[in-house]
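I have placed the structure first, in the form of C-alpha cells, so that the comments after it can refer back to it.
Just so you know, these numbers come straight off a predicted model, no measurement behind them. The chains referred to below are lettered A, B, ... by the order of the sequence lines, with proteins before strands, and numbering in each begins at 1. Just so it is clear, the values below take in all heavy atoms, side chains as well, and ignore hydrogens, waters and symmetry mates.
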Amino acid sequence: MALAEQGQRTGRQPAPLLRWLKPAVLTVGSIAVTMLGLLLITFIIGRVMPIDPVLSVAGERASKEVYEQVYLELGLDKPLLVQFFYYISDVVRGDFGQSLLNARPVAEDIMRVFPATLELATLGVFLGIVLGVPLGVVAAVRRGSWIDQIARFVALVGYSMPIFWLGLMGLLVFYGILGWVGGPGRVGIFYVDVVPSVTGMILIDSIIDGNWAVFRNAFSHIVLPAALLGYYSLAYISRMTRSFMLEQLSAEYVITARVKGLSEWQVIWGHAFRNIRVQLITVIALSYANLLEGSVLTEIIFSWPGIGSYITTALLSADMNAVLGGTVVVGFIFILLNVLSDLLYKVFDPRAR
Amino acid sequence: MNALSREWLLTDTPTSRMHARMSSFYKGWLALRSNTLAMFGLGILVFLLAVAAFAPWISPHDPFAQDLANRLQPIGSDSHLLGTDSLGRDILSRLIYGSRITLYIVALVALIAPVAGLLVGTVSGYIGGWTDIVLMRITDIFLAFPRLVLALAFVAALGAGIENAVLAISLTAWPPYARIARAETLTIRKSDYISAIKLQGAGPIRIITKHIWPLCISSLIVRVTLDMAGIILAAAGLGFLGLGAQPPSPEWGAMISEGRRFILDHWWVATVPGLAIFTVSLAFNLLGDGLRDVLDPKDEGR
C-alpha cells in the first residue's frame, strides 16, 4: 500500500499554482478544440443532409409564407459561420432542437434514455474488470502455459466476433433454448413502471423501492447484454493487463524481491501488480468509453431502450436533430473519458509528471 | 545464374537492389511460414479470394432466386447444404456471393484510409510548423471520436448504401495511419540521405513520394491487416442496421439482420453468415499478428 498512498499524497499536495496552471490551461484548451471539432462535424453533417430542415419543422404542406417564416426563424438566411455560431450557443445551452418523431426536445429524450445505457455499460465494464484483470495477470505469470493460450484465444475471439451476432446467439441459447435469462427489453411486461424512477437505472431504483421481484426480473434481463459487453471489455483489459504485467515481471526489482525470499503471491500482487495499477485505470477508462459506444449494436439486439437504440431509431426515420444530438452527447462523454484517463495517468504516475 | 534458388535468396551479400529486396522478402516469408496460426489465417483468406473469384461456378443456386415453396429449409436439406432463408433463397449461394461484397468493402477501405492517412501524415511530418499543428489537431479530433457513432452519422447524411458505408468507415479509419506515417516521417526527415537528395535538387514532392512513402509502407501494411477485422465488423454492423448494403444484396451483416426475425425457430438463417464474418475477421487478426511479429519483432507476444 505504501507506494500508492505516497503517490496519492504527493498528488494532493498543494503544489505551486503556476506548475499546475499551464497544464490545466492546455488540457482545457485541447478539450475545447476537440469538442469544437465534434460540433463542426455534426454541423456539417446536418448541412449536407438532403432533408430540408424547414420542411421538417413546418411540415410537408407548409404554405409559402410559413416556409419563409420558418426559414428566417431557423436563421438559414445567415452566413454559414453565423449559423455555426448559433448552433454552438444552442448546444452549450443544452438545446439540441426538437425530435421530429415526438416533437419533444431532443435533450429531454436523451436524458430519459441515457441511464439505461449507463446501467448496461457500467455492469459490463465491471464484469470486464473482475474477470479480465485476474486472467491477464495469471496469463502473464504463467506465460506460455495452457491458461495463457486460453487467455489469448478468448481475446482473439473477442476481437473477431461481430457483437450483434454473438448477442443473437446468446439470446437463442440462454433465452430461447435454456430459458435461463429474461428476453429482450429491460424488464418483463408485468414489471414495467412498477417502481418509481429515481435514477432511471432499474436495478438501483428497485433497491431504493425495496421491490425485490422487480430487481430479480430486471437482473435476469440485464445479465445477458451486460455479459456480452463484459466479454468485449474482458478481451481488451486482459490483453493489456498481460502485457503490462510481463513488462513488470521482467524488471530487476522483481528478481530482487524473489531473492529476498518473498512469496510468489507477494511478488506478483504486492510488487508487480501495484506498479501497473495506474496504467490499468487508464485502460479501464478507455474501455468504458468504448462500451458506451459498443452498446449501440447490443441495445438493438436486446431492445434495450438506451442511447444506442435512440440514435438508430432516429436514423432510420431520418430524425436528424435526434441523431446529431445523440452523436454529440456520446462524443462528449467519449472525449471526456479519454481526457480523464490521460489526467488520471498524470496525477497518479510520478514519472509522467 | 541460379536465380530464385534457396541459396541465392538467403545470401548475406546481395548483388543488386532487386536481389536484396527479394532476399529480405523471402526471409520474412520464411519467418511468417513458421507461424502456424498466421499461415492458417492466410489460408482462409486465400480460400475466400478463390470463392469470391469463382462464385458463379461454385454456387449451387442463383443467390437471388426466390422459391417460396422451399422457404426456411434447415441445414442439410436436399440441394440446400446450408438451408434456405425466409424467401427460399439458398443460403450457401448467398454466402458465396456475399464474399465478393466483403472483399469489395475491405479492398476499398484498405485503399482509401491508409492512402489518406499517408498523405496527411507525411505532409504533416515533412513540412512541420503550423501545417503540422493544424493537421495533427484535426487527426486528434477524429481520433477522439466514437468511430461507430460517427460512421452512423456520416451514413445518415450520405444515405445508406455500400459505397457510402465504405466512405463513412474510411472517414473514421484514417487518423491512426496519419499518426504512424507522421512518426515514420519525423525519423526519416533528418537523415543524411534525405539531405543528399535535397542537395541534388529534389523538391519536397519528389522526396515525399519517392523516398518517404516507400519507407512508411511496411508499418502501414501491418496496421491495415490488423484493422481489417475491425473494418469487416464495422461494415457488417452497418449492414445489420440496414445502413450498408441494401436488400436483396447478399451482404453478410444484412443476412444476419434478415435472419434475426426467425432466430428462435430457424436459427441457421442468422447463424451461418455470422460464422462467415467471424471466420474472415479471425483470419485477418491471425495474419496481422503474424505479420507484426515478422516486421516489428519488438512487440512480439503482446
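- For A:Arg142, the CZ atom is loosely surrounded, since the number of other residues' heavy atoms within 6.0 Å does not exceed 12.
- In terms of heavy-atom proximity, B:Asn285 sits nearest to A:Ser160 at ND2-OG, 2.8 Å.
- At a 4.5 Å heavy-atom cutoff, the contact between A:Val33 and chain B is made by backbone and side-chain atoms alike.
- The shortest side-chain heavy-atom distance between B:Val149 and A:Val296 falls under the 4.5 Å cut-off.
- Between A:Ile41 and B:Phe142, some side-chain heavy-atom pair lies under the 4.5 Å cut-off.
- When heavy atoms are compared at a cutoff of 4.5 Å, A:Val339 does not approach chain B at all.
- Contacts with chain B were tallied for A:Ile333, A:Ile300, A:Ile311; A:Ile300 has the most, counting heavy-atom pairs under 4.5 Å.
- Among the candidates A:Ile177, A:Val323, A:Val157, A:Ile163, the residue making the largest number of heavy-atom pairs closer than 4.5 Å to chain B is A:Val157.
- Comparing A:Leu166, A:Asn290, A:Ile301 by heavy-atom pairs within less than 4.5 Å of chain B, the highest count is held by A:Ile301.
- Comparing B:Ala229, B:Gly237, B:Ala234 by heavy-atom pairs within less than 4.5 Å of chain A, the highest count is held by B:Gly237.
- Residue B:Ile232: no heavy atom, backbone or side chain, is found under 4.5 Å from chain A.
- Of the listed residues B:Ile138, B:Thr279, B:Ile263, the one with more heavy-atom pairs under 4.5 angstrom with chain A than any other is B:Ile263.
- With chain A as partner, the option from B:Leu243, B:Val280, B:Asp265 having the largest number of non-hydrogen pairs under 4.5 angstrom is B:Leu243.
- You'll find the side chain of B:Asp140 stays beyond 4.5 Å of the side chain of A:Thr34, heavy atoms only.
- In this structure, A:Pro162 and B:Gly274 approach most closely via the heavy-atom pair CG-O, 4.2 Å.
- Atom CZ of B:Phe154 is surrounded by more than 12 heavy atoms from other residues, nucleotides or ligands within 6.0 Å.
- Contact annotation for B:Phe284: neither backbone nor side-chain heavy atoms come within less than 4.5 Å of a heavy atom of chain A.
- Between A:Tyr175 and B:Leu264, the shortest heavy-atom distance links the atoms CE2-CD1, 4.2 Å.
- There is no contact between A:Phe332 and chain B, counting heavy-atom distances below 4.5 Å.
- For A:Phe164, the part sitting under 4.5 Å from any heavy atom of chain B is the side chain, from C-beta outward, and nothing else.
- Counting heavy atoms from C-beta outward, B:Ile256 and A:Leu168 have side chains that approach closer than 4.5 Å.
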Run the side chain to side chain contact (heavy atoms under 4.5 Å, CB included) test on A:Leu40 and B:Ile141 for me, step by step, so that the C-alpha distance in whole Å, both residues' side-chain angles and the decisive distance to 0.1 Å come before the verdict. CA-CA 11 Å; A:Leu40 183 61; B:Ile141 289 173; over 6 Å; no
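- The side-chain heavy atoms of A:Leu156 and B:Asp289, taken from C-beta on, include a pair separated by under 4.5 Å.
- In this structure, CG on B:Leu150 lies 6.0 Å from CD1 on A:Ile45, to the nearest 0.5 angstrom.
- With values rounded to the nearest 0.5 angstrom, A:Phe153 atom CZ is found 8.0 Å from B:Leu282 atom CG.
- Proximity to chain B (any heavy atom under 4.5 Å) is restricted, for A:Leu315, to the side chain, taken from C-beta onward.
- Contact count against chain A (heavy-atom pairs under 4.5 Å) is highest for B:Ala236 among B:Gly242, B:Gly230, B:Pro273, B:Ala236.
- Put simply, the side chain of B:Trp267 never gets that close to the backbone of A:Met169: no donor and acceptor are under 3.5 Å apart.
- A distance of 4.0 Å separates CG of B:Leu275 from CH2 of A:Trp165, quoted to the nearest 0.5 Å.
- A pairwise comparison of heavy atoms in B:Ala153 and A:Thr327 identifies CB-OG1, 4.0 Å as the closest pair.
- With values rounded to the nearest 0.5 angstrom, B:Leu241 atom CG is found 10.0 Å from A:Thr313 atom OG1.
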